[in-house]
Amino acid sequence: MKLITTLLHFLWVSSVSSFYLNPRYTRQQNTQLQATVSSKTPLPKYPTARGDDVDARRIIATGAGRLHLTAVRLHHILLATEEMAAASLHELRSGSVSFAELAEQVSACVVTRPKQGELGWVSVTEDPSSSNSSAEDPPESPNAHLDEFFPREAREKLLLITTKPGDVVMVPSHLGYHLVQVVDVMANVRKMASQRKRRTNGSNLLEALRRDTDLTYKMETMGCQMNTADAERMEGQLQDLGLRPSEEGQNPDVIVLNTCSIRDHAEQKVYSYLGPYAKRKRNGEDVTIVVAGCVAQQEGEALLRKAPEIDLVMGPQYANRIGDLLEDVANGNQVVATEATHIMEDSTKPRRQSSVAAWVNVIYGCNERCAFCIVPTTRGVEQSRPVESIVAEVEELVAQGFKEVTLLGQNIDAYGRDMIPKRKFSDLIRIVGGIPGLERLRFVTSHPRYMSLGVVDAVAETPTACESFHIPFQSGSNRILAAMGRGHTREKYLYIVERIRSVIPDASITADVIVGFPGETEEDFQESLALMEEVRFDNVHTAAYSPRPNTPAATMEDQVPDHVKKDRLSRINDVNKRIAVERRAALVGKTLEILVEERNIRNPIQVLGRTRQGFTCYMTGDIDELRGKTVQAEITSAKNFHLVGRIVV
Ligand code: SAM
Ligand code: F3S
């Protein structure tokens with residue numbers, strides 16, 4: 001507080017001095033894509049809010065050229081002395097105040113202070129563009145509008161220090177000391193595309209898009225909820241471009257294969273799936289082939305070598321940008337978009353598969369290195385979405401009539417640890433759970449290494465948060481858990497379960513397990529079975545270990561033979577089914593709250609809904625009347641993995 005008072009005093013002094021400025025903010029073309037560049041820990045000179053000291057002499061904007069960085073979006077706080085700037089940086093590091101709050105309270109820049117320090121997009125080049133000059137008006141830097149309050153010397157120093165979103169650094173100028181926060185970066189993805197002209201008629205796509213003709217697309221999605229959420233966002237963009245889903249039996253103009261590489265021979269599946277489309281193309285038909293998702297990320301350009309008919313290979317981080325990338329394809333490029341990139345907020349609306357329950361990403365990527373898993377390679381490093389964006393998306397969903405939201409993250413407990421100031425996932429549950437009109441909140445996936453008891457408390461205290469936890473345990477053997485690099489033990493896992501059951505006794509707990517991880521003995525496997533008996537899960541997703549390219553486990557010795565994996569998978573499935581049936585049978589006769597989502601496609605006089613614990617329940621009813629309604633239903637019977645009920649209210 002003392003610091004704030006001192007700074008406010010300074011502010012008063014400086015506001016009567018000559019800082020009157022007249023900015024002209026410009027925005028760069030939105031069709032360009034954003035990309036991060038990773039910064040290595042630099043040498044000391046100027047402190048940063050990430051706690052590192054940065055030497056401005058070293059050019060750390062590594063990769064900027066490679067990624068064709070074009071602009072950075074910045075916020076700044078102007079301070080009179082280096083001491084004041086260092087003290088403010090200290091406050092930011094402590095997390096007691098946000099950059100925006102501090103800018104509003106203490107910045108000496110009267111132009112940006114009311115905008116919480118926002119400087120807008122700043123071009124990385126100071127070269128004048130010919131378009132903004134005339135005979136009377138000599139060419140000026142695209143950043144000239146910033147000169148009076150964020151001078152060129154400060155801009156240039158900043159770019160030498162960092163271009164990494166989230167970084168806050170101190171740079172001096174003749175005006176004082178600027179604390180600058182990099183909010184976002186923009187890169188020109190076009191230049192990342194390989195400039196091979198397409199042999200086929202891709203330009204027709206652009207023509208057709210321009211003429212707004214009747215183009216269709218088909219989206220095929222495999223894999224996890226993340227892929228489903230990505231597919232919904234991609235479909236939203238395709239429809240924004242004027243494309244509509246193809247009808248059954250119709251040849252689509254654009255085919256998007258949204259792939260999963262978590263198991264099995266994922267690449268082979270891509271080639272065999274694409275075969276008929278590639279053939280159509282070789283026969284001269286106009287079809288644009290897109291491979292998206294984790295196989296695209298994993299294989300990159302190799303896909304083009306094996307299947308040159310593919311027009312666009314795009315990793316999951318580009319799901320928000322399929323529209324831009326297709327435009328690039330239409331310009332004659334065969335595009336590979338797999339560079340690590342900063343995931344930009346999406347301005348288009350996803351095309352949701354349900355009108356009742358929606359997926360909302362809160363953190364992309366994963367920083368863990370589980371020895372069996374390819375996800376960190378395919379989905380990149382953790383990037384948390386700002387709370388404000390998440391809240392805005394959920395508020396919009398509620399306004400559209402959605403009742404339930406599932407927050408998504410590979411390791412959702414990591415939410416906010418990459419942010420400045422850091423955020424906690426438990427706080428996010430409370431914030432999103434409190435949005436008026438939202439009836440149910442769910443989240444996946446919890447990681448036993450990071451899951452805090454605060455999350456359990458947040459669920460218990462937030463009425464909308466459903467009593468349902470998905471916490472993969474992967475193995476019941478500490479020896480195998482260590483080999484997997486999971487960072488948790490069997491005991492830690494059981495402790496979390498015990499805590500959930502003591503605070504929320506009727507919570508459902510589901511999990512993932514892998515059998516046949518390299519080196520797994522029958523005794524290790526028995527420990528997984530014993531853990532399942534002890535916890536009594538409501539359901540467990542079981543998988544036989546599948547070696548994935550470029551993962552440590554793939555080259556471990558003691559690979560378990562396939563027939564052993566198969567046998568263990570069948571035995572663990574039996575245990576899972578027995579326990580799941582027993583758990584559901586205990587609900588027969590109870591009356592539960594069920595949110596109705598859809599028609600039962602196998603029996604149209606039935607509707608399908610879910611209990612707060614996430615159990616699917618079928619009930620007789622009219623979907624047009626009941627969709628999105630919360631009903632009370634008496635459970636009349638329990639099947640393997642679902643319930644049957646009778647609506648009572
Ligand atoms: N983030 C989650 C976690 O903390 O465990 C898991 C995400 S992963 C995409 C989903 C599941 O796929 C894992 O829990 C694991 O059981 C399974 N899986 C991942 N890699 C696998 C592999 N190589 N073989 C078999 N199953 C695998
Ligand atoms: Fe995969 Fe482990 Fe992350 S299972 S998604 S590396 S937490």
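For reference, positions follow the sequence shown, starting with 1. Read the numbers this way: they start at 1 and go in the same order the structure lists the ligands and their atoms.
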Checklist entry - Charged N to carboxylate O below 4.0 Å: is that the case for Glu368 and Arg486? => result no

Item to check | Centroid-centroid under 6.0 Å between Phe615 and His642 rings | outcome: no

Item to check | Partner of Ile289 under side chain to side chain contact (heavy atoms under 4.5 Å, CB included), chosen from Leu257, Leu312, Ile255, Val313 | outcome: Ile255

Item to check | Asn320 side chain to Arg233 side chain, donor-acceptor N/O pair below 3.5 angstrom | outcome: yes

Below 3.5 Å, can you tabulate the donor-acceptor pairs from side chains in residues 492-500 to any protein atom, sequence neighbours excluded?
{"residue": "Lys492", "atom": "NZ", "partner": "Pro448", "partner atom": "O", "Å": "2.8"}
{"residue": "Lys492", "atom": "NZ", "partner": "Arg449", "partner atom": "O", "Å": "3.1"}
{"residue": "Tyr493", "atom": "OH", "partner": "Ile471", "partner atom": "O", "Å": "2.6"}

Item to check | Contact residues of ligand 1 (heavy atom under 4.0 Å), by chain and number | outcome: Ile262, Arg263, Phe372, Val375, Gln410, Thr445, His447, Pro472, Gln474, Arg486, Asp512, Ile514, Ala543, Ala544, Tyr545, Ser546, Arg548

Item to check | Test of ring centre spacing under 6.0 Å for Phe537 and Phe473 | outcome: yes

Checklist entry - Which protein residues have a heavy atom closer than 4.0 Å to any atom of ligand 2, listed by chain and number? => result Cys366, Glu368, Cys370, Phe372, Cys373, Val375, Pro376, Gln410, His447, Arg486

Next on the checklist: Donor-acceptor check, side chain of Asp558 to backbone of Glu520, threshold 3.5 angstrom: yes or no?
Outcome noted: no

Checklist entry - For residues 512-534, which residue pairs qualify under ring-ring contact (aromatic ring centres under 6.0 Å, His included), counting only residues two or more places apart or in two chains? => result Phe517-Tyr545

Next on the checklist: I want to check something: taking the side chain as every heavy atom from C-beta on, are Glu395 and Leu438 in contact at a cut-off of under 4.5 Å?
Outcome noted: no

